[in-house]
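Please read all numbers here as calculations on a predicted model, not as lab measurements. For the numbers below, each heavy atom of this structure counts, side chains included, while hydrogens, waters and symmetry mates do not.
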Amino acid sequence: SKKEGDFSPDLYTGDSSELSLEEGIANIVERATNECKMEQHVVFTLKDGRKIGVFGIDTPETATKTNPEKVRDIKVLMGQELYDCAQAQVDALKAENCDMIVMLCHLGVDIPSIPNRSIDVLENTTGIDLCVDGHSHTVMEGGEMHNNALLTSTGCLSGSMSTGRESVNPTLLVTVR
């Protein structure tokens, strides 16, 4: 999605139109090759030199809750493959010397989504600092900590985006650690 004010132009060194993760989904792979053909993560550099690494994860429910014709050639990683994918993103972003790692996801926190919830990913990976979720439409005032990561959820129809934005404020991001 396009930038919605989460990164102030005076903090970010690049053009604000670059703040997009339209293809930043790491866990959707081609069924035939098991390879991700999309850009899997992006790094934003703040004016003070700090780097924020961001990657996206989509719900495995995509495979069952959409038109089968649209997903016949893809596989959405789940369970251990999902955790391994997320950890690979963290490792790649750490190799790029990121000061903070953010997972934007559409996984949810509801019990029926176990083992593919944002909580499950956080509990089975290390190195994620902030997770912004939205699938279950849960509102998390102030967020929750899971395995040293702050988890927040955006609620429904951006009704709680102010909570999410406060959690994603770059000033807070670089001080959460």
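- Of all heavy-atom pairs spanning Gln40 and Phe55, the tightest one is O-CB, 3.4 Å.
- In terms of modelled atom types and a separation under 3.5 Å, the side chain of Asn27 and the main chain of Ile57 share no donor-acceptor contact.
- Arg117 and Asp120 are joined by a salt bridge, as a carboxylate oxygen and a charged side-chain nitrogen come within less than 4.0 angstrom of each other.
- Here the CE-CG distance, from Met103 to Asp129, works out to 11.5 Å after rounding to the nearest 0.5 Å.
- Here Met100 contributes atom CE and Leu46 contributes atom CG; the two are 10.5 Å apart, rounded to the nearest 0.5 Å.
- Listed here is the closest heavy atom pair of Cys105 and Cys131: SG-SG, 3.5 Å.
- Residues Thr59 and Val76 have side chains not in contact (no heavy-atom distance under 4.5 Å, counting atoms from C-beta outward).
- A salt bridge links Lys37 with Glu35: at least one charged nitrogen is closer than 4.0 Å to a carboxylate oxygen.
- Rounding to the nearest 0.5 Å gives a distance of 4.5 Å between CD1 of Ile28 and CG of Asp58.
- In summary, the side chains of Gln80 and Asp84 do present a donor paired with an acceptor at a separation below 3.5 Å, with no hydrogens or angles considered.
- Here the side chain of Asn116 pairs a donor or acceptor atom with the backbone of Gly79 at under 3.5 angstrom.
- Taken together through direct or relayed side-chain contacts under 4.5 Å among Ile, Leu, Val, Met, Phe, Trp and Tyr, Val90 and Met78 form parts of separate hydrophobic clusters.
- A donor-acceptor pair shorter than 3.5 Å cannot be found between the side chains of Glu61 and His106.
- Applying the side chain to side chain donor-acceptor pair (under 3.5 Å) rule to Thr126 yields no partners; only residues at least two apart in sequence or on another chain are considered.
- Inter-residue side-chain proximity for Cys98 and Val43 is flagged as met; some heavy-atom pair is nearer than 4.5 Å.
- No chain of hydrophobic side-chain contacts below 4.5 Å, direct or via other Ile, Leu, Val, Met, Phe, Trp or Tyr residues, connects Ile111 to Ile119.
- Using a 4.5 Å heavy-atom threshold, the side chains of Leu93 and Asp91 count as separate.
- When all heavy atoms of Leu151 and Ser118 are compared, the closest pair comes out as CD1-OG, 3.6 Å.
- Looking only at distances, no side-chain donor or acceptor of Asp133 sits under 3.5 Å from a matching main-chain atom of Thr152.
- Closest of all the heavy-atom pairs between Leu122 and Ala149 is CD2-CB, 3.7 Å.
- Proximity of a side-chain donor or acceptor of Asp110 to a complementary backbone N or O of Pro112 within less than 3.5 Å is not detected.
- Residues Val121 and Tyr83 are in side-chain contact: their nearest non-hydrogen atoms beyond the backbone lie under 4.5 Å apart.
- Separation of atoms CD1 (Ile74) and CD1 (Ile25) is listed at 10.5 Å; rounding is to 0.5 Å.
- Taken to the nearest 0.5 Å, the CG atom of Asp73 stands 8.0 Å off from the CD atom of Glu30.
- Residues Lys75 and Glu81 have side chains in contact (heavy-atom distance under 4.5 Å, counting atoms from C-beta outward).
- Glu96 and His41 get closest at one heavy-atom pair: OE2-NE2, 2.9 Å.
- Note: the hydrophobic cluster containing Val29 does not contain Val71 (ILVMFWY, side chain heavy atoms under 4.5 Å, direct or indirect links).
- Scanning all heavy atoms of the two residues, the minimum distance from Leu77 to Asn34 falls at CD2-OD1, 4.3 Å.
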